Amino acid sequence: MQQLTFLSQRLLQAVFVTLAVTLFVAFAIRFTGDPAVMMTQESSNVTEADLAMIRESLGLNAPFHVQYLQFMGQLLTGELGNSFFRGPIKELIGSALPSTLLLAATSMVLSILISIPLGIVAAVKQGKWVDQLIRILSLTGLSFPNFWLAMMLVLIFSITFNVLPVSGFSGVASLVLPSATVAIVLTAVNVRLVRTAMLDVLSEQYIMVARAKGVKEFWVIYKHALRNSAIALITFFGLQFGNLIGGIVVVERVFNWPGMGSLALDAIAQRDYPLLQASVCILAMLIVIVNLVTDMAYSLIDPRIRVKS
Amino acid sequence: MKLITSTLSCSRQGFVKTVKTGLLATVLAFSGVQAYALSELNVAQGSDPQNLDPIDTFRLSWGSIGSNIFEGLIQRGEDLQLVPGLATAWEFLDDNSRIRFTLREGVSFHNGEPFNAAAVKYTFDRLLGEQGQKGPQRSNYTSIGSVEVIDDYTVEFHMNQVDPVLITKLAGYGAMIVPPKYIEEVGEEAFDRKPVGTGPYQVVSYEPSVELKLARFEGYWNGTAKTELVNIRFISEPATRMAELMSGGVDISLNVPNTSVETLKKNKSVDLVTVGGPTVNMMRFKANSGITADARVREAMNIAIDRDAILNALLGGLGESIATAQGELSFGNDASIKKYPYDPARAKALLKEAGVAPGTDITLDIYNSDETFREISQVVSSYLGMVGLNLKIRANETNIMASDLIPNGKTGELFQFGWGGWTFDFDNTAYLLYHSGERFNPYINDAKLDELLEQQRATYDRDVREQALQQVAGYIREQSLELPLFNLATMYGVSKKVSGFVPAPDDRVRYMNVVVAE
């Protein structure tokens, strides 16, 4: 019952967040210029009457609330409507969203696979040279702007050694550089988080008890320490997802990755209101959903929470 | 390299044949028969026109695609000469109120539909009617009143008003001939994505913002394209585009950034191919108020800047400094108008004479997306600093600049202006920039300019027009009404494996004669 109340509360929150985001985006973008002007920039003889005609056909002459309600209506029915320049938004998002999810998931998994062992080693060998080395590596990773890192990877692996494609998406090889870029920056943060979480748990009394019982160190770390730090880690990783999406928008552009980031950036540049609203809204929903799933996952991982509820 | 696994042509026999041939080809491929490899050209360009319908676009990025798919009644080649396209001849009748076009026979669209007078009428009815109103091209063609079909291969344009640039504009995007039956069949939305024209290449597939695939149209009337497949990839990040070019991922890259010029020149597998373009870069003055209302101040700023030094130091010498807002190729260019000299001493004297105190603050508005211009602005700022003007640079987002600051006259004393001048006719630039009441002219209101501009628009007489346009340019120069900078070269990065590539000054690249060596 408690679970259900919790879930419905969070769902309600999610709806509000999404609503606020769409309202803000729809409102803000309309302050910053006119799509009709963008469309006619290179035409000669454009008169005010021509612009008015284009605005009318784009549906921009309607009052803001009418345009917004129309958009929300389309969003609720899942139809999403048409972009100003590029046809049905559903199709555009339908092809961009999987690409972004693929990149996000690969990078996240890669990062978790690297950061958990490294973080554990750093925590166990606290203060030793391994810990110092990992700290330095992590700091180095953190100080790379992902844009620059991406270009360096391209320079090394695509131009100098010519072993990986520069950009685009044409099979698994194309996934390597973009996901490595995102994963490196992400891992740099995650290693520190894993280390901190592990150190917290390792100083608990039950760890001492386990060791005193003569449990092997491997099992102390794996069964007692890691499982108990799992909640903290999942929260961290879940919260990282927002940052991850932010980073992906930039990386997508460098690698010409056909995802949501590219879609949203193009839409901003062209003042394609419907497309921008829809893509930002989908990205926001994605982050909200991941956070929701993170919260739900606690109870799966930690039996104590299940028992209490 | 690609194997044939399905037929690429959208043949007139239609779907059944396509499926049959596709099956046959697939069977052949799987049964181990040596399938023959198709020749392929890979191209990168900075942006995706997003909509392939010629009347829905205004972008240069469409030109480099559409010019391979579509043709107009008139064609303009890479040498900018106007030649017969789908019309073989034209004549002006009844005191220029009608233009009669004789159409080319034996031309068909990619879907097999014949090209004829009905297609021409449909094209212009569509452009000038409801469909055209939704797009940006219509306004270029409103001088055409209606199109009348005389017989299958003759049409007449009934003109609303004199339009001396019309013939040039008939080679422009909006006047590309489209197939009536195909559009009626598939609908407007499908046509945006998979259009059909009469050109040497036809659309195979189009994935917005990612890639467009073109295949040779075997039924093309004017020869056969040398390369079977052309893949055009849209890569918005300039550094990535250059990386693809240098790693061999693409054979030709359009939109080479100025920052990559040196790298490309040094690269052994790539050539930098340049051609004088139509784009002029300049700064314009807030000529009706503040210190820039004084012609002496405007002249002082003009002669305080060493244009050639900037051109050579920042832009690799790839371009020309200009005296007026047009390049050498433009109709109406007057070669006798002198470029501004670099004379800081005289600039200081002029400023003193105009009563401008040293250290006076002025503002320049620029577009934040233009890295090259930002660098140019910084150098200009130090040149102006040397004559005692303190220039502040304000970078603005493109849309805000184009839809608010400029039209509403909210710019600083100076503002950046780049103009494409696609018709290579000064009318297109001059009318927009100097005629009173035009959107992009918030500051100049001059009866003499208005008169000259209207005069040249009302006649087809080239001598009269040229003279009027040259007078406009001379007057602007005399009054120092703007600060012209450069006419930059259009640059292409081309792999050494490529032959037959002709750089197009107007971005309307044609791939028909391009061959990629193995």
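A note on names: the letters A, B, ... follow the listed sequences, proteins ahead of strands, and every chain is numbered from 1. No experiment lies behind these values; they were computed from the predicted model shown.
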(request) Working to the nearest 0.5 Å, report the span between CZ of A/F255 and CD of B/E237. (result) 11.0 Å
(request) Check whether B/E189 gets within reach of chain A through its side chain, its backbone, both or neither, counting any heavy atom under 4.5 Å. (result) side chain
(request) To the nearest 0.5 angstrom, please state how far the OG atom of A/S83 sits from the CG atom of B/N51. (result) 8.5 Å
(message) If the test is side chain to side chain contact (heavy atoms under 4.5 Å, CB included), which one of A/L265, A/D266, A/L92 qualifies with B/S209?
(response) A/D266
(message) Using the ring pair (Phe, Tyr, Trp, His ring centres under 6.0 Å) criterion, which residues pair with B/F234? Sequence neighbours excluded.
(response) none
List the atom pairs, with distances to 0.1 Å, where a side-chain N or O of residues 17-25 of chain A and a protein N or O form a donor-acceptor pair under 3.5 Å, not counting sequence neighbours.
from	atom 1	to	atom 2	distance (Å)
A/T18	OG1	A/A14	O	2.7
A/T22	OG1	A/T18	O	3.3
A/T22	OG1	A/L19	O	2.7
A/T22	OG1	A/Y68	OH	2.8

(request) Sort out for me which of A/V254, A/N162, A/D272, A/L263 touches chain B most, counting heavy-atom pairs under 4.5 Å. (result) A/V254
(message) Report which part of B/D192 has an atom under 4.5 Å of a heavy atom belonging to chain A: side chain, backbone, both, or neither.
(response) neither
(message) Is A/F147 close to chain B through its backbone or its side chain, or both, or neither, when contacts mean heavy atoms under 4.5 Å?
(response) side chain
(message) If we count only N and O atoms by modelled type, under 3.5 Å, do the side chains of B/T240 and A/R253 hold a donor and an acceptor together?
(response) no
(message) Counting only non-hydrogen atoms closer than 4.5 Å, does A/M151 touch chain B with its backbone (N, CA, C, O), its side chain (CB onward), both, or neither?
(response) side chain
(request) Starting at OG1 of B/T398, measure out to CZ of A/R271 and round the result to the nearest 0.5 Å. (result) 8.0 Å
(message) Looking only at heavy atoms and a cut-off of under 4.5 Å, which of A/L58, A/V154, A/N82 has the most pairs with chain B?
(response) A/N82
(message) Report which part of A/S167 has an atom under 4.5 Å of a heavy atom belonging to chain B: side chain, backbone, both, or neither.
(response) both
(request) Against chain A, work out which of B/P49, B/P208, B/G172 has the most heavy-atom pairs shorter than 4.5 Å and name it. (result) B/P208
(message) Heavy-atom pairs under 4.5 Å with chain A: which of B/M246, B/R241, B/Q50 has the most?
(response) B/Q50
(message) Side chains of A/E91 and B/R193, heavy atoms from C-beta outward: is any pair under 4.5 Å?
(response) yes
(request) Grab the two heavy atoms, one from A/N256 and one from B/S236, that are nearest each other, plus how far apart they are. (result) OD1-N, 3.6 Å
(request) State the OG-CZ distance between A/S170 and B/R233, to the nearest 0.5 angstrom. (result) 7.0 Å
(request) Provide the closest heavy-atom pair for A/S158 versus B/S247 in the form atom of the first, atom of the second, distance. (result) O-CB, 3.7 Å
(message) Whether B/K134 and A/E56 form a salt bridge (side-chain N of Lys/Arg under 4.0 Å from carboxylate O of Asp/Glu) is what I want to check.
(response) no
(request) Could you look at B/E130 and say if it's the side chain, the backbone, both or neither that has a heavy atom under 4.5 Å from chain A? (result) neither
